[in-house]
Amino acid sequence: MKKEIEQELNKQLNRELYSAYLYLSMAAYFESINLKGFAHWLKVQAKEEISHSMKFFEFINERNGKVVLEVIEKPKVDWSSPVEAFKDAYEHEQKITSYIHNLVELARKNNDYATENFLTWFVAEQVEEEAQANEIYQKLKLCEKSVGGLFTLDHHLGKREE
C-alpha cells in the first residue's frame, strides 16, 4: 500500500473515532435535557462509529500498514435545541461522506483496487448514515413546537437495537 493511501486511511480511522466522540457528546446533551431515547440512539450510533474505525484499523494492518492514532478533537458539548443537534449530526455525516468519496478517488488514481473494494462498503454505509440523521432532523423540524411530538420521537428512538 502506498504511503499516501496509508496516511489517508489513518486520517479516516481517526475521523471515525471523532464521530463516536461527537455522538457521545450529543448523547450527554440529550441526557442532560431528559430525552433518554435520543441519548440511547446516539450511544448506539457512537458504538457503530467505533466499529467503523476498527474496520480501518484492521484493513491498514492487513495491508502491512502502520496504524497511527491521533489526538481526538474535543467535540461540541452544547446545542440550543434537539433540532440543532441533529442538524449538526446530518452535516457531520455529509462531511464524512465527502471524505470517503475522496478516499475512493485516491484509490482509483493509484490503481489500488483492494482499497477501492474495501471502501465500497463505506460508500453504501454513508447513504444509510446520512439518511438516518436527515430523517431524524426533518422529523424534529416538523415537531419543533410540539412537546408531544418530541416525546413520541424520543420514545421511538429509545427502541433502537444495538
Side-chain angles (χ1 to χ4, degrees), residues 8-61 67 69-105 115-162:
E8 292 304 314
L9 290 173
N10 269 298
K11 285 180 186 176
Q12 190 60 36
L13 183 160
N14 284 280
R15 288 181 191 119
E16 299 291 342
L17 289 171
Y18 173 78
S19 296
Y21 212 39
L22 175 63
Y23 292 140
L24 283 176
S25 186
M26 287 180 174
Y29 160 74
F30 280 103
E31 290 276 353
S32 76
I33 60 172
N34 293 310
L35 290 171
K36 308 288 186 192
F38 283 94
H40 169 76
W41 192 93
L42 286 156
K43 286 186 265 187
V44 173
Q45 190 63 30
K47 289 178 186 176
E48 190 174 299
E49 299 301 340
I50 291 169
S51 75
H52 294 172
S53 70
M54 291 307 297
K55 287 179 186 293
F56 282 96
F57 184 96
E58 296 300 334
F59 183 76
I60 293 166
N61 283 320
V67 169
L69 299 176
E70 300 289 342
V71 172
I72 300 173
E73 178 186 341
K74 179 182 177 181
K76 186 174 179 176
V77 295
D78 285 310
W79 288 266
S80 63
S81 68
V83 173
E84 182 192 21
F86 268 89
K87 180 178 187 268
D88 285 359
Y90 177 53
E91 289 173 352
H92 177 74
E93 288 302 337
Q94 290 177 309
K95 190 183 329 177
I96 294 298
T97 297
S98 72
Y99 291 136
I100 296 294
H101 291 175
N102 291 340
L103 280 168
V104 170
E105 287 300 315
T115 298
E116 184 177 351
N117 184 59
F118 166 72
L119 292 168
T120 300
W121 183 88
F122 286 95
V123 171
E125 177 68 6
Q126 280 310 118
V127 171
E128 179 186 322
E129 299 280 316
E130 280 190 38
Q132 287 178 345
N134 187 43
E135 179 182 356
I136 296 167
Y137 171 52
Q138 296 303 324
K139 286 179 178 178
L140 279 166
K141 288 193 321 185
L142 287 172
C143 70
E144 194 167 13
K145 293 179 176 39
S146 167
V147 174
L150 183 64
F151 288 149
T152 299
L153 187 53
D154 184 61
H155 177 75
H156 172 72
L157 294 177
K159 293 182 177 183
R160 181 179 184 183
E161 294 183 21
E162 294 192 36

Here the gap from Tyr18 atom OH to Glu70 atom CD, rounded to the nearest 0.5 Å, amounts to 15.5 Å
With rounding to the nearest 0.5 angstrom, report the CZ to CG distance, Phe38 to Leu157. 5.0 Å
Quick one: closest heavy-atom pair of Ala133 and Glu93, and the distance? CB-CG, 4.4 Å
Here the gap from Met26 atom CE to Asp78 atom CG, rounded to the nearest 0.5 Å, amounts to 12.0 Å
Output the distance between atom CG (Leu142) and atom CD (Gln138), rounded to the nearest 0.5 Å. 7.0 Å
Does Glu125 come within less than 4.0 Å of Lys55, counting only side-chain N to carboxylate O? no
Rounded to the nearest 0.5 Å, how far does CZ of Phe57 lie from CG of Asn14? 11.0 Å
Check step by step if side chain to side chain contact (heavy atoms under 4.5 Å, CB included) holds for Lys95 and Arg15. CA-CA 10 Å; Lys95 190 183 329 177; Arg15 288 181 191 119; over 6 Å; no
In residues 143-152, what donor-acceptor pairs under 3.5 Å come from side-chain atoms, sequence neighbours left out?
unit_1: Ser146; atom_1: OG; unit_2: Gly149; atom_2: N; d: 2.9
unit_1: Thr152; atom_1: OG1; unit_2: Gly148; atom_2: O; d: 2.8

More than 12 foreign heavy atoms under 6.0 Å from NZ of Lys87: is that the case here? no
What closest approach, in Å, do Leu22 and Trp79 show between heavy atoms, and which atom pair accounts for it? CD1-CZ2, 4.2 Å
Report the residues that fulfil side-chain contact (heavy atoms from CB on, under 4.5 Å) with Lys47, sequence neighbours left out, ordered by chain and then residue number. Glu162
Looking at Phe59, I want to see if its CZ is surrounded by more than 12 non-hydrogen atoms of other residues, nucleotides or ligands under 6.0 Å. yes
Apply side chain to side chain contact (heavy atoms under 4.5 Å, CB included) to Glu84 and Tyr29, showing your working. CA-CA 12 Å; Glu84 182 192 21; Tyr29 160 74; over 6 Å; no
Rounded to the nearest 0.5 angstrom, the CG-CE distance for Leu17 and Met54 is 9.0 Å
Under 30°, 30 to 60°, or over 60°: which ring-plane class applies to Phe30 and Phe86, parallel, tilted or perpendicular? tilted
Please confirm whether Phe56 and Phe122 have ring centers closer than 6.0 angstrom. yes
Between the main-chain N or O of Tyr21 and the side-chain N or O of Ser25, is there a donor-acceptor pair closer than 3.5 Å? no
Tell me if the NE2 atom of His156 is crowded by more than 12 foreign heavy atoms within 6.0 Å. no
Pairing of Glu135 and Lys139 as salt bridge, 4.0 angstrom limit: yes
Quick one: does Asp154's side chain have a donor or acceptor within less than 3.5 Å of a partner on Gly37's backbone? yes
Would you check if there is a donor-acceptor pair between the side chains of Gln12 and Glu8 at a distance under 3.5 Å? no
Here the pair of heavy atoms bringing Glu49 nearest to Ala20 is CB-N, 3.7 Å
Checking side-chain contact (heavy atoms from CB on, under 4.5 Å) between Thr115 and each of Ile60, Leu103, Leu9, which is the one that passes? Leu9
Decide side chain to side chain contact (heavy atoms under 4.5 Å, CB included) for Asp88 and Lys76; before the verdict, give the C-alpha distance in whole Å, the side-chain angles of both, and the deciding distance to 0.1 Å. CA-CA 10 Å; Asp88 285 359; Lys76 186 174 179 176; 3.0 Å; yes
Start with the C-alpha gap between Gln126 and Glu130, add the side-chain angles, then the distance that decides, and say whether side-chain hydrogen bond (donor to acceptor under 3.5 Å, both in side chains) holds. CA-CA 6 Å; Gln126 280 310 118; Glu130 280 190 38; 5.1 Å; no
Under 3.5 Å: donor-acceptor pair, side chain of Ser51, backbone of Glu48: yes
Could you tell me whether the side chain of Ser53 and the main chain of Glu16 form a donor-acceptor pair under 3.5 Å? no
